[in-house]
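Notes follow the structure.
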Amino acid sequence: MAFQPPYSPSLFRKRDNASGASVVAIDNKIEQAMDLVKNHLMYAVREEVEILKEQIRELVEKNSQLERENTLLKTLASPEQLEKFQSRLSPDEPAPESPEAPEAPDGSAV
């Protein structure tokens with residue numbers, strides 16, 4: 001006597017095909033949702049990168065301007081002023097070499 005299962009395998013095949021189609025549909029929805037999230041994140045990251053690039057440009061420009069201003073002030077300051085300023089910054093660190101102050105025709109510092 002041949003073994004006969006208590007169920008009909010054809011019933012399960014139909015159910016498997018139907019559930020398989022629904023699994024594929026769910027997978028497609030998940031993939032679409034993940035693509036949407038990925039696109040949104042990429043857009044947000046690109047936008048943030050552009051903002052940060054602009055801030056970097058502004059900071060580089062401001063730094064350059066401050067360096068030029070600092071150089072000008074150092075050249076206009078007398079050695080005594082530079083020494084006094086350096087001593088206020090940090091008494092432990094030695095003062096850097098002060099730039100030579102421009103001299104007036106009579107030999108006095110300007």
Side-chain angles (χ1 to χ4, degrees):
M1 185 166 156
F3 173 75
Q4 294 221 348
Y7 56 85
S8 170
S10 63
L11 289 175
F12 286 100
R13 267 188 241 118
K14 288 181 183 175
R15 182 177 289 162
D16 286 345
N17 288 340
S19 68
S22 89
V23 167
V24 169
I26 290 171
D27 285 348
N28 287 339
K29 295 278 187 188
I30 291 170
E31 189 174 339
Q32 289 172 352
M34 288 176 26
D35 285 344
L36 186 63
V37 168
K38 177 182 152 191
N39 289 336
H40 177 73
L41 286 173
M42 291 300 291
Y43 176 79
V45 166
R46 283 188 193 108
E47 191 173 280
E48 187 68 21
V49 165
E50 288 304 314
I51 290 169
L52 291 173
K53 282 181 179 179
E54 181 60 30
Q55 287 177 345
I56 289 170
R57 278 192 289 274
E58 290 171 2
L59 289 171
V60 165
E61 184 179 315
K62 181 71 172 174
N63 186 49
S64 179
Q65 175 188 350
L66 290 172
E67 285 177 347
R68 288 190 305 270
E69 183 179 323
N70 188 34
T71 301
L72 176 64
L73 291 173
K74 281 182 179 179
T75 60
L76 297 175
S78 69
E80 294 82 20
Q81 289 172 321
L82 287 172
E83 186 177 319
K84 185 177 179 181
F85 175 73
Q86 195 63 31
S87 67
R88 285 185 185 173
L89 285 180
S90 57
D92 296 341
E93 295 178 17
E97 291 185 28
S98 56
E100 297 200 16
E103 292 187 10
D106 64 357
S108 65
V110 176

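Quick caveat, the model's predicted, so the values are computed rather than measured.
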How long is the gap from [atom1] on [X] to [atom2] on [Y], to the nearest 0.5 Å?
X: L82; Y: S87; atom1: CG; atom2: OG; answer: 11.0 Å
X: E69; Y: L66; atom1: CD; atom2: CG; answer: 6.0 Å
X: K74; Y: L76; atom1: NZ; atom2: CG; answer: 13.0 Å
X: N63; Y: R68; atom1: CG; atom2: CZ; answer: 10.0 Å
X: E31; Y: K38; atom1: CD; atom2: NZ; answer: 10.0 Å
X: S78; Y: K84; atom1: OG; atom2: NZ; answer: 10.0 Å

### Query
Side chain of T71, backbone of E67: donor and acceptor closer than 3.5 Å?
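Flag set: sc T71 to bb E67 pair under 3.5 Å.
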### Message
According to salt bridge (charged side-chain N to carboxylate O under 4.0 Å, His left out), does anything in residues 54-63 pair up with another residue at least two apart or in another chain? List the pairs.
### Response
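Pairs touching residues 54-63 that pass the test: E54-R57.
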### Query
Looking only at heavy atoms, which two atoms of L72 and T75 are closest? And how far apart?
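Residues L72 and T75, closest heavy atoms: O-OG1, 2.7 Å.
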### Query
Is I26 reachable from M34 through a run of I, L, V, M, F, W or Y residues, each pair having side-chain heavy atoms under 4.5 Å apart?
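Yes, M34 and I26 fall within the same hydrophobic cluster.
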